Amino acid sequence: MAATHEAILANLTNAQRAAVTHRDGALLVLAGPGSGKTTVVTHRMAHLIAGGVPPWQILALTFTNKAAGEMGERMAAMLPGRSTGRGGPTVATFHSFCARQLRQFAEAADLAPRYSIYDDADQRDAIKQAMKQAEVDSTNFTPSAIGAAISNAKNRLLDAHAYAAQTSGFREGCITRVYSTYEKILRANDALDFDDLLLRMVRLLRTDEQVRTQLQQRYHYLLIDEYQDTNHAQFVIAHTLAASHGNICVVGDPDQSIYGWRGADISNILEFEQQYSMAKVVPLGQNFRSTGHIVDAAAGLIEHNKRRKSKRLYTELGPGERPAVVICRDEQHEAVLVADFLRGQSEQHGVVWKEMAVLYRVNALSRVLEEALRTAEIPYVIARGTAFYDRKEIKDALAYLRVIANPNDEVCLRRIINTPSRGIGKTTLKKVELFAIDGQLRLLEALRRAGDMTGLTARAVNAITKFVQMLEGCRKAAVGEVPRALAGSEHLARLVEQVIRESGLESAYQQSPTEEDQQRLANLEELISAAAQFVAPPADEQRSELRLLDLLTAFLESVALVSDADLVDPQRGTVTLMTLHTAKGLEFSAVAMIGLEENLLPHVRAADSDNELEEERRLCFVGITRAKRRLQLSRAALRTHRGIREPTIESRFLRELPAESIVLSDQAGEGARLDDERDGAVEFPVGSIVRHPKFGLGRVESIMPRAAGVSARVAFSTGGTKTLILDFAPLERVE
DNA sequence: CTGGTCATTTTTTTT
DNA sequence: AAATGACCAG
């Protein structure tokens with residue numbers, strides 16, 4: 001055992017070691033970017049286990065499934081055989097942990113065990129429905145605005161009733177009416193939205209003493225990752241679970257709090273010490289990821305935030321290269337320069353594609369990049385984990401599966417009832433709905449009794465009957481028991497296949513000759529293989545048999561809770577394109593950040609609030625600190641937005657970067673526009689190595705248009721930096 | 001009931 | 001620019 005301890009503590013700094021070895025009581029780890037946070041967390045878990053804590057008593061809650069997976073893997077590598085599967089530590093996201101507990105304790109939580117989880121789109125559908133029912137005019141309030149208000153309320157643990165009691169005014173009154181109708185719809189459909197997963201968990205913990213005690217006793221050591229991004233509901237869950245023993249370790253960085261808009265409360269981490277007066281605090285300021293100028297640039301930027309705990313950020317990796325700030329003509333030009341930058345990294349520095357990333361504030365910016373990267377033949381992927389499951393054909397197939405798992409889910413039922421079209425149109429549906437209301441029936445039950453209805457055409461009745469029979473056939477197939485082991489997913493895949501075939505989705509696309517529909521067919525195939533590869537998380541009940549229906553439910557749950565970051569595959573040999581939010585927690589050798597313009601970063605919607613502006617600055621900070629060695633920040637002088645081309649304003653964040661730690665390169669100026677591309681930018685791009693007969697080898701730091709011609713600032717290996725006019729200087733490019 | 005066209009609007013970020 | 005929704009002809 002002593003040997004294990006030694007091994008676990010080897011190669012850690014004193015600060016890291018302090019965090020790892022702290023055993024009982026509250027612990028706050030303030031982990032700056034690149035400070036070895038994951039190392040500390042995994043080593044801490046291993047250390048607890050090596051110290052005799054049974055692995056299953058450890059609960060680690062993370063932000064993404066990917067983070068959870070990595071944590072589990074690194075643990076397993078350290079303690080072979082003791083840390084995976086049943087009996088191992090529980091490592092999950094807040095949402096999936098809650099989802100599982102709510103199924104486990106469905107009865108106590110007053111839920112159907114196979115409740116549906118509504119994603120954004122489902123939620124919007126349900127809210128629209130609620131607005132109609134509550135007679136709230138959608139011209140005054142958009143469903144998404146109301147949805148945001150409701151989500152906000154839920155994050156603060158207010159149900160419709162409590163929300164009504166706390167607010168007043170016309171708008172709030174309308175929201176209240178929609179909210180309470182929405183609650184009823186969710187209940188009738190046996191559905192929870194994302195916020196409900198947390199809210200209902202809080203309610204369960206508060207109301208059911210037995211469940212609360214059971215969970216408190218089971219999870220003796222709590223570890224919360226990315227604590228700066230927890231909202232009030234998550235705060236309550238964490239602290240309720242820790243209440244009986246106080247063994248709570250939170251890890252985070254206030255400077256990287258970027259989810260305020262969805263209720264994350266930065267004061268959770270800022271006030272942790274007040275909450276636990278005995279808490280041990282371990283600041284980790286040393287950055288092991290990035291070189292000096294990058295760290296300095298990031299540190300200089302974040303200094304501009306008022307509401308923060310100042311901490312010194314430093315690195316011992318040497319100064320490295322200065323981040324380049326590049327001004328481009330427009331977004332196409334910017335994309336080309338990004339491609340040049342990436343290619344340069346590959347060809348001049350031997351950086352592999354997967355060690356590079358392009359980051360942006362909004363997803364819409366990825367489009368232009370894609371084009372440029374395709375022409376430059378640079379392999380890339382866009383990190384949008386949800387994109388696959390957002391495709392229409394996949395959503396349709398999943399809707400069938402969800403109705404099979406939960407027949408009360410009418411949002412899904414409505415979606416599929418006439419998809420692909422089978423002759424059950426608007427008027428027919430209206431009639432069935434009326435019939436359902438009259439007879440107090442659920443929609444599916446009403447459909448079942450279509451034959452009893454008056455006023456339906458024989459054709460409609462026929463279509464409905466066939467539809468209902470098809471659903472029932474699939475449901476029957478799903479009720480059987482299957483072995484829990486891997487083979488179970490084989491059955492699951494077969495069920496998915498059956499649904500795709502019998503629903504008519506398959507033949508609808510098969511008959512179409514278009515490329516697009518063939519792709520959809522292929523996507524459906526992919527869904528089947530996703531099901532075949534699905535492995536249910538270890539359950540607490542140790543049954544060897546499992547109903548296929550439960551496996552299906554677990555599958556649907558995992559699908560509902562995938563995040564964009566989850567599908568960032570490090571094995572892939574490609575450049576990754578993603579939003580700044582998705583990039584949190586990742587690192588790359590070379591990073592290009594685009595769109596450093598006012599109204600984009602910081603985003604327009606943050607303009608009138610200091611708090612939000614600070615959050616934008618943190619977002620920029622997160623982006624910069626993803627880079628290990630090389631960083632390029634760019635902006636376009638002109639950008640086309642919603643069809644109109646407009647001049648942009650330089651982001652204030654660029655001005656806030658310490659001048660001495662960056663290199664400026666204006667590729668958009670007059671001179672640059674005329675000749676630079678041929679003479680300067682292309683022949684001697686920033687970063688290229690050049691030889692001068694007198695000064696020797698040097699590196700181009702920046703390119704600038706001057707009256708006399710294009711000039712370049714070159715740092716020579718002899719130590720000096722010279723500004724040379726490219727037209728006259730006898731420069732020769734070496735690399 | 002279906003599929004098309006035309007007008008209208010727009011999510012920033014995501015579990 | 002693109003995507004959604006309303007509306008209308010077949």
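Bear in mind the structure is a predicted one, so any value in this text is a computation, not a measurement.
Proximity of A:Thr427 to the phosphate of B:dC1: a side-chain N or O atom is located under 4.0 Å from OP1 or OP2. Listed pair A:Thr640 / C:dA1 fails the phosphate criterion, with no side-chain N or O lying under 4.0 Å from OP1 or OP2. The side chain of A:Lys128 contributes an N or O atom lying less than 4.0 Å from OP1 or OP2 of C:dG5.
Heavy-atom nearest nucleotides on DNA chain B were determined for A:Leu429 and for A:Phe94, and the one closer to the 5' end corresponds to A:Leu429.
A:Ser96 comes within contact range of no nucleotide atom at all, as no heavy-atom separation falls under 4.0 Å.
Residue A:Phe63 contributes atom CZ, which lies 15 Å from atom P of B:dT13 at whole-angstrom precision. Between the CZ atom of A:Arg100 and the P atom of B:dT15 there is a distance of 16 Å, rounded to whole Å. The CG atom of A:Asp225 sits 15 Å away from the P atom of B:dT15 (whole-angstrom rounding). Note: CG (A:Asp390) to P (C:dA2) measures 19 Å, nearest angstrom. The distance between atom CD1 of A:Ile258 and atom P of B:dT15, rounded to the nearest whole Å, is 11 Å. One can place NZ of A:Lys154 at 18 Å from P of B:dT15, the figure rounded to the nearest angstrom. In this structure, the CG atom of A:Asn231 is 10 Å from the C1' atom of B:dT15, given to the nearest Å. Rounded to an integer number of Å, the gap from CD of A:Glu557 to C1' of B:dT15 is 12 Å.
Residues passing the side-chain hydrogen bond (donor to acceptor under 3.5 Å, both in side chains) test with A:Lys430: none are found, sequence neighbours excluded. With sequence neighbours left out, the side-chain contact (heavy atoms from CB on, under 4.5 Å) criterion links A:Leu434 to no other residue. Residues satisfying the salt bridge (Lys or Arg N to Asp or Glu O under 4.0 Å) criterion with A:Asp193, sequence neighbours excluded, are A:Lys154. With sequence neighbours excluded, no residue forms a side-chain hydrogen bond (donor to acceptor under 3.5 Å, both in side chains) with A:Asn363.
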Atom pairs, N/O to N/O, protein against nucleotides 2-12 of chain B, distance under 3.5 Å?
unit_1	atom_1	unit_2	atom_2	d
B:dT2	OP1	A:Gly423	N	3.0
B:dT2	OP2	A:Asn418	ND2	3.0
B:dT12	OP1	A:Arg605	NH1	3.4
B:dT12	O4'	A:His603	NE2	3.2
B:dT12	O2	A:Arg361	NH1	2.6
B:dT12	O2	A:Arg361	NH2	2.1

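Sorted by first then second residue, the ring pair (Phe, Tyr, Trp, His ring centres under 6.0 Å) pairs that include residues 249-268 of chain A, not counting sequence neighbours, are A:Phe63-A:Tyr259, A:Tyr259-A:Trp261, A:Tyr259-A:His581, A:Trp261-A:His581.
To the nearest whole angstrom, the two P atoms, one in B:dT11 and one in B:dA7, are 22 Å apart.
Under 3.5 Å, the side chains of A:Glu393 and A:Tyr509 contain no donor-acceptor pair of N or O atoms. Between the side chains of A:Arg114 and A:Asn406, no donor N or O sits under 3.5 Å from an acceptor N or O.
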